[in-house]
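Since the structure comes first, as structure tokens, the remarks are kept for the end.
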Amino acid sequence: MSQQNITDVLVVGATGSIGQLAVRSALRHGLRPRALVRDLQRAEHLLPGVELVQADLEDTASLLRAVDGADALVLTHGSGGDPRPDARAHIDYGGVLNILRALDGARPRVALMTSIYATRRDVPGATPWKRRSERLLRASGLPYTIVRPGWFDHAGAGQRRLVLEQGGTGDGGIARDQIAETLVQSLLTDTALGKTFELIATEGAQQSDWAKLFGALKSDEPGSVDGVLDPADLPVETEPPTLRTELEAIRSLSGRNG
Ligand SMILES: NC(=O)c1ccc[n+]([C@@H]2O[C@H](COP(=O)([O-])OP(=O)(O)OC[C@H]3O[C@@H](n4cnc5c(N)ncnc54)[C@H](OP(=O)(O)O)[C@@H]3O)[C@@H](O)[C@H]2O)c1
């Protein structure tokens, strides 16, 4: 889908710290954001005047209505407030799985926020769930951009120069508004298509040429479920059978609808 066709944007995680900013960024760009929320009353307070759709990422039936008619999706959900030990599997990964299932043949453009360290296995607390969610999106065959932001609030006020890196080795902070803006800009910029990158900021002013910023990046290999420079240390063949089946099911949807 080319940028001219994007009007209706479903924001998932819209009540979250990045999602709220993504809704505002979409409005600034003249798009029509629709916020996927669990609690309508709370969302009305957080997002006054914004169109809301009530759904839960763990309830595929509720997602059918939420995704209906969306030209693009911005996925910023996260399991941070969820006390379940397997919340990342259910929300970070399962949320993307259920959204893709709910699309039912529709082919919106997708901007997925995951995380810096998504491919790191050598840091305490690292889990592969974000990486697995990225794999689902790549396997879906949908037009996508995957943004792996650095540490929220760890960039100083003067650190506004965006640094887009690939390969999973980068480290650093980034302001929340810049994450949201990058996600929305990726929907509107053709050079962002099919790319995966880490996003941090360094001293200096923010660049304005988004086509150039995204254009300097390598594209993910067509047909690969990993980002272009990702380490090859999580082979699909060694993944649990359920995950392989889910990945194949999403890939076969792409064959049917692509
Ligand atoms: N902190 C960092 O430095 C850092 C760096 C890189 C990446 N990240 C990643 O960024 C994410 C956090 O972003 P954030 O601060 O915007 O998150 P947040 O403020 O915790 O918001 C999470 C959003 O996900 C929604 N959500 C959770 N479960 C849901 C469900 N079952 N159905 C529908 N929506 C659901 C929440 O809805 P409710 O409002 O209804 O709960 C909320 O809108 C995390 O995944 C984290 O790994 C964080």
Taking atom CD as the centre, does Glu221 end up with more than 12 heavy-atom neighbours from other residues, nucleotides or ligands that are less than 6.0 angstrom away?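 Incorrect, the count does not exceed 12.
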Looking at residues at least two apart in the chain, or sitting in another chain, which of them share a salt bridge (Lys or Arg N to Asp or Glu O under 4.0 Å) with Asp122?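 Here the qualifying residues are Arg120.
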What pairs with Asp230 under salt bridge (Lys or Arg N to Asp or Glu O under 4.0 Å), at least two apart in sequence or on another chain?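 Expected list: Arg148.
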Who pairs with Lys218 by side chain to side chain contact (heavy atoms under 4.5 Å, CB included), at least two apart in sequence or on another chain?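 Partners of Lys218 by the side chain to side chain contact (heavy atoms under 4.5 Å, CB included) criterion, ordered by chain and then number, come out as Gln166, Val228, Leu229.
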State, yes or no, whether a side-chain contact exists between [X] and [Y] at a heavy-atom distance under 4.5 Å.
X      : Y      : value
Val163 : Leu199 : no
Asp226 : Arg135 : yes
Met113 : Pro149 : yes
Glu198 : Tyr117 : no
Leu75  : Thr114 : no
Leu112 : Tyr144 : no

Extract all donor-acceptor atom pairs below 3.5 Å that involve side chains of residues 43-56 and protein atoms in other chains or at least two apart in sequence.
{"residue": "Gln54", "atom": "NE2", "partner": "Arg38", "partner atom": "O", "Å": "3.1"}
{"residue": "Asp56", "atom": "OD1", "partner": "Glu58", "partner atom": "N", "Å": "2.8"}

Run the side chain to side chain contact (heavy atoms under 4.5 Å, CB included) check on Leu164 and Lys195 step by step: do they pass? CA-CA 11 Å; Leu164 280 54; Lys195 297 194 173 164; over 6 Å; no
Partners of Arg138 by side chain to side chain donor-acceptor pair (under 3.5 Å), sequence neighbours excluded?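 Here the qualifying residues are Glu134, Thr196, Asp220.
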Which heavy-atom pair separates [X] from [Y] by the least distance, and what is that distance?
X      : Y      : answer
Thr76  : Gly19  : OG1-CA, 3.4 Å
His29  : Val184 : CD2-CG1, 3.8 Å
Ala70  : Leu10  : CB-CB, 4.1 Å
Thr191 : Trp210 : OG1-O, 4.2 Å

Hydrophobic cluster membership, Val110 vs Leu57, 4.5 Å side-chain cutoff: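 Cluster IDs for Val110 and Leu57 match.
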Could you walk me through whether Asp190 and Phe214 pass the side chain to side chain contact (heavy atoms under 4.5 Å, CB included) test, one step at a time? CA-CA 9 Å; Asp190 284 339; Phe214 295 130; over 6 Å; no
Ion pair check, Asp71 and Arg107, cut-off under 4.0 Å: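 Salt bridge between Asp71 and Arg107, a charged N being under 4.0 Å from a carboxylate O: no.
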For residues 150-165, pull every pair meeting side-chain hydrogen bond (donor to acceptor under 3.5 Å, both in side chains), keeping only residues two or more places apart or in separate chains.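 side-chain hydrogen bond (donor to acceptor under 3.5 Å, both in side chains) check on residues 150-165 returns Trp151-Asp171, Asp153-Arg176, Arg160-Asp177.
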